[in-house]
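One is the number of the first residue; the rest follow in order along the sequence.
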Amino acid sequence: MYAVDAIVVVCPLALWRDCISRVLAVEFPNIPVLAFSDLREWYSVSDWHGDSPLLLISEARGGIDLESVAEILERKRDMKTVVFSKNGNISRILEVMSVGVQAYIPNNLTLEIAMKAIHLVLVGGSFFPVASFFEKKATRGAVPVGQGPKGDFRISRRELEIIAGVSCGRSNASIAKALNLRESTIKVHVRNIMKKIGVNTRTAIAYKSEDIFHSSLINEVYSDLGEAFLESKRG
């Protein structure tokens, strides 16, 4: 059983709000699902919904007010938050995650993946969709970047997050803040990434980033991480 008092859906579009609420009610039959058109509307009555709700916010009509989200998260420290958005821009995703949101789900992902991401958040994980940051391009016959001659290593999800940050020109300090890590930790990751993909500059990381994100290894990385994490929590 997940330790969450209620699932709260916030979206200004009535049809989307109703559809996702119905799906969630089926997916989580033992958790109350509540729907609101506005974040402030929900927050005004949020005390009725316990200290540990799961908040799902849709950016259906432009970007959400991250300052308001940050204020609410500061007051409700046990709350978990998921953002749905049509914006797959990496800078926006990092910006949203930096205020404490646990998952960012672009609209181009399938419902199945979205539900897995929500399950992951409910057991204490996070979902950072690096594989959706670039438009998919055909890469026939390409050797996946990040795979050694023996195929005996993988680029981790954390490394993918850092590659994404480097690729959009973020400094180590900025990436550290977005991922809630120490700057020294980011430096170590960057050095390891360079060694893995055979480069020695940040510019080269950015140059190779699209091949990395389109690699056939990406889905395997996320599948392995997600299933292992969920299994460890269930056990």
Worksheet item: What heavy-atom pair brings V166 and I175 nearest, and what distance separates the two atoms?
Response: N-CD1, 3.6 Å
Worksheet item: Does M115 reach the side chain of L24, with side-chain heavy atoms less than 4.5 Å apart?
Response: yes
Worksheet item: Does some side-chain heavy atom of I64 sit less than 4.5 Å from a side-chain heavy atom of L66?
Response: yes
Worksheet item: What is the minimum heavy-atom distance between A204 and V199, and which atoms define it?
Response: CB-CB, 3.5 Å
Worksheet item: Tell me, do V123 and H119 make a side-chain contact under 4.5 Å, heavy atoms counted?
Response: no
Worksheet entry | S58 side, atom OG; I105 side, atom CD1 - distance, nearest 0.5 Å | 11.0 Å
Worksheet item: Would K116 and L120 count as a side chain to side chain contact (heavy atoms under 4.5 Å, CB included) if you check the C-alpha gap in whole Å, the side-chain angles of each, and the deciding distance to 0.1 Å?
Response: CA-CA 6 Å; K116 285 185 177 181; L120 194 59; over 6 Å; no
Discussion item. Counting C-beta onward and ignoring hydrogens, is there a side-chain heavy-atom pair between V82 and L55 closer than 4.5 Å?
Written reply: no
Worksheet item: Is Y43 linked to V45 within one hydrophobic cluster, defined over Ile, Leu, Val, Met, Phe, Trp and Tyr using a side-chain heavy-atom separation of less than 4.5 Å?
Response: yes
Fill in: Pairwise salt bridge (charged side-chain N to carboxylate O under 4.0 Å, His left out) hits with a residue in residues 4-16, at least two apart
none
Worksheet item: Who are the side-chain contact (heavy atoms from CB on, under 4.5 Å) partners of K177, not counting sequence neighbours?
Response: none
Practice prompt. Hey, can you tell me if F84 and W16 have their rings parallel, tilted or perpendicular (30° and 60° cut-offs)?
Written response: perpendicular
Practice prompt. In plain terms, say whether E71 and R40 are close enough for a salt bridge, that is, a side-chain N and a carboxylate O under 4.0 Å apart.
Written response: yes
Worksheet item: Got L56 and I7 here, is their nearest side-chain heavy-atom distance under 4.5 Å?
Response: yes
Worksheet entry | Pairwise salt bridge (charged side-chain N to carboxylate O under 4.0 Å, His left out) hits with a residue in residues 24-34, at least two apart | none
Worksheet item: Taking all non-hydrogen atoms of both residues, which atom of I193 and which atom of E159 are closest, and how far apart?
Response: CD1-O, 3.6 Å
Discussion item. I'd like to know if the side chain of S174 reaches the main chain of S171, judged simply by a donor and an acceptor atom lying under 3.5 Å from each other, with no hydrogens or angles considered.
Written reply: no
Fill in: NE2-CZ distance between H189 and R191, expressed to the nearest 0.5 angstrom
11.0 Å
Worksheet item: What is the minimum heavy-atom distance between V4 and S52, and which atoms define it?
Response: CG2-O, 3.0 Å
Worksheet item: Any side-chain donor paired with an acceptor under 3.5 Å for N172 and R182?
Response: no
Fill in: F28 side chain near L54 side chain, heavy-atom distance below 4.5 Å
no
Discussion item. Nearest 0.5 angstrom please: I31 CD1 to L34 CG, how far?
Written reply: 11.0 Å
Discussion item. Checking V8 against F36 for the side chain to side chain contact (heavy atoms under 4.5 Å, CB included) test, could you report, in this order, the C-alpha distance in whole Å, the side-chain angles of both residues, the deciding distance, and whether it holds?
Written reply: CA-CA 8 Å; V8 179; F36 296 83; 3.8 Å; yes
Discussion item. Could you check whether any side-chain heavy atom of L39 comes within less than 4.5 Å of a side-chain heavy atom of V69, counting everything from C-beta outward?
Written reply: yes
Worksheet item: Looking at I57 and T81, what are the two nearest heavy atoms and their distance?
Response: CD1-CG2, 4.1 Å
Worksheet item: Is the shortest heavy-atom distance from the side chain of L15 to the side chain of L13 under 4.5 Å?
Response: no
Worksheet item: Cluster question for you: counting only ILVMFWY and a side-chain heavy-atom cut-off of under 4.5 Å, with indirect links fine, are L111 and I113 together?
Response: yes
Discussion item. For a quick test of reading the model, state the closest non-hydrogen atom pair linking Y104 to E59 and the distance between them.
Written reply: OH-OE1, 3.6 Å
